[in-house]
Each structure stands twice: as C-alpha cells, then as structure tokens.
2 protein chains.
Amino acid sequence: MSAKAARSASLPDAAQLSLSEAIAPQVFRALRAAIVTLRVQPGQGLSETDIARRFGVSRQPVREAFIKLAEAGLVEIRPQRGTFVVPITSRDVLNAQFIREAIEVAVIGELASRTTPALIAELRRLINEQRAAAAGDDWPAFLALDETFHRTLAEGAGRGQAWRTLEPIKAQMDRVRYLSFSGASPLPQLINQHAAIVEALARHKRTAAEAAMRRHLREILTTLPAIMAEHPELFEPQHRLPATAA
Amino acid sequence: MSAKAARSASLPDAAQLSLSEAIAPQVFRALRAAIVTLRVQPGQGLSETDIARRFGVSRQPVREAFIKLAEAGLVEIRPQRGTFVVPITSRDVLNAQFIREAIEVAVIGELASRTTPALIAELRRLINEQRAAAAGDDWPAFLALDETFHRTLAEGAGRGQAWRTLEPIKAQMDRVRYLSFSGASPLPQLINQHAAIVEALARHKRTAAEAAMRRHLREILTTLPAIMAEHPELFEPQHRLPATAA
DNA sequence: TGATCCTAACTTGTATGGTAGTATGGATCA
DNA sequence: TGATCCATACTACCATACAAGTTAGGATCA
C-alpha cells in the first residue's frame, strides 16, 4: 500500500464553517471528533493540503489544528514526512485511566463531605435521563450524559477547572469507549455504577464513594482486552517506538 | 500606562537558535522559560512581530509558539488585541496543586509495594545532591534536582508517562515556586520531606508514604499567602474574569 | 532479469503580503 | 474647558509563495 493510498480515506468533512469564529479551532474540533469516533482510523495520514482543500481554507489554520492534535496525542507529526493518526496503545489508555482515576477519586473524596441536596437531585435527574437513553439504545446520547454526569461531580466539588484539565487526557480513552459501545453495550451496568456513586455521596460516605468511583473508572480495564482482540488493526502491535515519541 | 509601554519590557532573548531543529518549538521553550522565571511578568504583552524581530525569524513560528503557550495557560491570546502573559491566580495555582497531589499520591501508593533497593539508593543519592546544593545556596540546581526526584519516583512506579502529562500543569505552580526561593528559602525542610518519603518507601509503608507526599506537596499552600502579599502586582486582584477566559 | 540512480511528486516548515478588527491619540465641535 | 469623532497605528488571523526534505517509481545500465 502506497502512502498516497493510505491518505485519502473517508474524511466526511467539508462541513460548513462559521465565519464568526476563527477557522483553526473549528478545524481542530472537527478533526478531533473524526478521530475519536474513528471515522479516520489509526495509521491514516492527514495532509495539510488535503484537509485544507476539503474545508476550503488555506493550509495555515489546518496546520495549527494539527499542532493541537499532536499535543493531545491523537496524531504524530513527522517533519517532512507526514502527519498520521496514532494507533491506540494499551499503554496510552492505561496512562489516561490512571490519571483520570487519581483525579476523579480525589474529587469524589472532597465532594463527599460537602455535597448538597440540590446536587444529589441534579445527579439523580441525570441518571434518569441516562436510563431513558439506555432504554432507547441511544448510546451517543448516553455518552453525552455520562460526560455531563462526571463534569457535574467535578463542578459540585468546586473543581471544574480540574475537569477541564482532564479533557485532553480523556481523548485517549474516548476511542476505546466508542468501540466498546459498538458491541454489546453494558449501559445498565454503567448506570448502576453511577447510581452507587450518588448513593454513597448522599449518605456522605466518603470511602464508599471513592471505592464506587474507582470501580466505575476501572471498567475500561476489564473491557480493554476484548476490544483489542476484536479490533487488532486499530492498536499498535506491541508498544510504540520510544525514539519517535517526540 | 499605554499598551505600547506595557509591551517592550526586557525580554533578554535573541538567543541563538539551532538550525537542526524546527524554530517554533525553540521559540516556545525560550518564551516559556522567560515566563516561568518571571523575566517577562504577568500582564506584559507579547507581540508576534516584536518577538519575531528579536529572534530573527518570521512571525509564523512565533505564532505557533504563542498557541502552545496559550494551551499551557501561560498567555492569553485576545484576537485582534494582543497576546498577554496571564497573571498568577491563586485559583490556577490551587487547581494545579490539586491535580499534582492527586496524581503523585497515587504514584507513591503504587510505588510503595513495588519499590526496589536500587531505586531507594538512587533516591538517597539525589537527596544527598540536594543537600549539597542547599549548602551552597544553589537553588537553581536544587530546583533541577527536585524535578529529577519526583520524575524518578514516577518512573520507578512505571508511570513516567503520567509525569510527562503533569508537566504542563506544573507550569502554573512553577512561577510561584520561583518566587518562593527569592526570599528565605526553606530548602532543608523540603529536603527532609523528601527524605521522609523515601524512608516510608524503603519500609514499604504505603499509607505513610502517601501522607508524606501529601504533606510535601501541600507546602505551597502554606507559603502562597505570604508570596501573594509580597508580590501583589503579579497576581490577579480577585479572580479572573469568566467572560474573557476564552 | 536485476539492482541502482535519478527524477518527480509529495510532505512539513518558514517567510511574506494582505485583511479585518481594536485601541489610542489628536482634531473638532459644543 | 470638555466630550465626541475620526484617522492612524497597532493587533491577530488567513492566504499564498517559497524552501528543504522525504519517498516512490521509472528509466538506465550491468
């Protein structure tokens, strides 16, 4: 397979861009979404010129979007060679999971002693919406509600900024999460875990809340091997080369 | 004070750039170092044209460096207005401290059960070097050794990548740390805290190691008020405006 | 037939010109 | 004297052109 052939796969973009906002961040978000939802797959090449043509803009804003994607660890820019979507590696996923668990468990620990009835009500409302989404097998909606649930926890603890810091790290896990919903989706189990967290919070049981959050966030560790076996072409065979890790 | 006057303060750069590496990352590192060491102070404006002239390069790589600085939270790009070094805020420092504590405590927890004699020896060696630096009042050297100490802990736990993830977040604290050494430097205390961590690790006392690390990383919380009182001009008066937070 | 070299078509990186928007300072008018 | 308006000099942003490097493939020669 030539490099040319590896490039021009389906990038269903050419979306209309808003003129009131700068172009570069719009391109960045569009590409990030395309990568996270695996519309562009690991190993695929992204050419500045090509993307610029599709969006009808110049290379410069596309280039800036590439740089931000590289910082998020979603693409690798090889100078004078090309820019490529990085494969999913268990190493990166495990690292992201470790960081997320450390931060979110700390958030829950703080929140247990300062939670309010209003917050509990809000969280329970979100869980009900999640059940509705699960009943309709609308898992994109569930993903959005899951995001809101965790963000609400962080903001309730006064750590909204920590959640924002976490977002780029989460991107590494998001591709795997997306895959995990393609097969049999264990939505009810995840929702029950959410409920367990909220119940522990409602009773101000700090240790129990921390344990429930930890269990919840470690779910991906159990599903990861099966996903790797199911989609080996999306993962790096062993581990990424340390020399080219930039 | 006019905007023009606020800009052209001392930027002791114009350093020679390597030709074997891309320009943009070099400019980024130079500017980041200048900001973290407060050679360029909060509120100061950075002009693409001005910086490009000083380095003898074009505006484009400078612009890319600005974007990366903005992602690190060190500057704020206001479209069509200018790029400004953001003031230090207790909010950002506290957020960075929270995240760092969550991650490093988790790292120490893992390390306590898997530490090796070789690692303990390495850590003790680093502490001895730190004592030597403290004896000579060489606190820039101490800062480098401190960095190495924490990174060694993370790598010992097999979480080197988590440490790299942490680095951009740490930048927010680094300016405060730099200030804390300008006055009376409590180097011996910090070194004793390092020693306490290593001793707990050597005895595989997980809870004690976690507590020692927590105590160590919370040091900045106690020194922060004094530093804010000493350098009020470097801090945002109350809190940053939420509207302009991009 | 086979290996080698060279050319051409890519890639990212840098430089420069031009545009739209903002802020500042002076001129104008009350 | 004072406030308002406008021209000018900035700013970041985008488009385009050029440069340096890499890769692939075909032509050439043994």
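It should be emphasised that the depicted structure is a prediction, and the values quoted were computed from it without experimental measurement. All values below were derived from every heavy atom in this structure, side-chain atoms included, with hydrogens, water molecules and symmetry-related copies excluded. Just so it is clear: chains get the letters A, B, ... in the order the sequence lines come, proteins before strands, and each one is counted from 1.
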(message) Does any part of the side chain of B:F66, heavy atoms only, come nearer than 4.5 Å to the side chain of B:I51, both counted from C-beta?
(response) yes
For [X] and [N], what is the distance between atoms [atom1] and [atom2] respectively, to the nearest whole Å?
{"X": "B:I77", "N": "D:dT11", "atom1": "CD1", "atom2": "C1'", "answer": "12 Å"}
{"X": "A:F28", "N": "D:dC13", "atom1": "CZ", "atom2": "P", "answer": "16 Å"}
{"X": "A:K68", "N": "D:dC13", "atom1": "NZ", "atom2": "C1'", "answer": "14 Å"}
{"X": "A:E48", "N": "C:dA9", "atom1": "CD", "atom2": "C1'", "answer": "16 Å"}
{"X": "B:R78", "N": "D:dC13", "atom1": "CZ", "atom2": "P", "answer": "12 Å"}
{"X": "B:F84", "N": "D:dA12", "atom1": "CZ", "atom2": "P", "answer": "8 Å"}

Do any N or O atoms of the protein come closer than 3.5 Å to N or O atoms of nucleotides 19-21 of chain C, and which pairs are they?
none

(request) Please determine if a side-chain N or O atom of A:S47 lies less than 4.0 Å away from the OP1 or OP2 oxygen of C:dC10. (result)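 For C:dC10, neither OP1 nor OP2 has a side-chain N or O of A:S47 closer than 4.0 Å.
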(message) Can you see if the side chain of B:T49 gets near the phosphate of D:dC10 - specifically, an N or O under 4.0 Å from OP1 or OP2?
(response) no
Below 4.0 angstrom, N of the basic side chain to O of the carboxylate: do [X] and [Y] qualify?
{"X": "A:E76", "Y": "A:R81", "result": "no"}
{"X": "A:R114", "Y": "A:E110", "result": "no"}
{"X": "A:E167", "Y": "A:R151", "result": "no"}
{"X": "A:E147", "Y": "A:K170", "result": "yes"}

(message) Under a 3.5 Å threshold, yes or no: a donor from one side chain and an acceptor from the other, between B:E64 and B:Q60?
(response) no
(request) Please work out which of the three classes, parallel, tilted or perpendicular, describes the rings of A:W163 and A:H150, given edges at 30° and 60°. (result) parallel
(request) Take the angle between the ring planes of A:Y178 and A:W139 and call it parallel below 30°, perpendicular above 60°, tilted in between. (result) perpendicular
Grab the N/O contacts between the protein and nucleotides 14-16 of chain D below 3.5 Å, and write none if there aren't any.
from	atom 1	to	atom 2	distance (Å)
D:dC14	OP1	A:I23	N	2.5
D:dA15	OP2	A:S58	N	2.7
D:dA15	OP2	A:S58	OG	2.9
D:dT16	O4	A:Q60	OE1	3.4

(request) Measure from the side-chain N and O atoms of B:D92 to the backbone N and O of B:Q172, and report whether any donor-acceptor pair falls under 3.5 Å. (result)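 Not a single qualifying donor-acceptor pair exists.
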(request) Quickly, which of B:L179, B:I88, B:V93 forms a side-chain contact (heavy atoms from CB on, under 4.5 Å) with B:L224? Name it, please. (result)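 Single pass found, and it is B:V93.
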Just the table, please: protein N/O against nucleotides 5-8 of chain C N/O, every pair under 3.5 Å.
none

(message) I need the minimum non-hydrogen distance between A:V27 and A:A65, along with the two atoms involved.
(response)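 For A:V27 and A:A65, the tightest heavy-atom pair comes out as CG1-CB, 3.8 Å.
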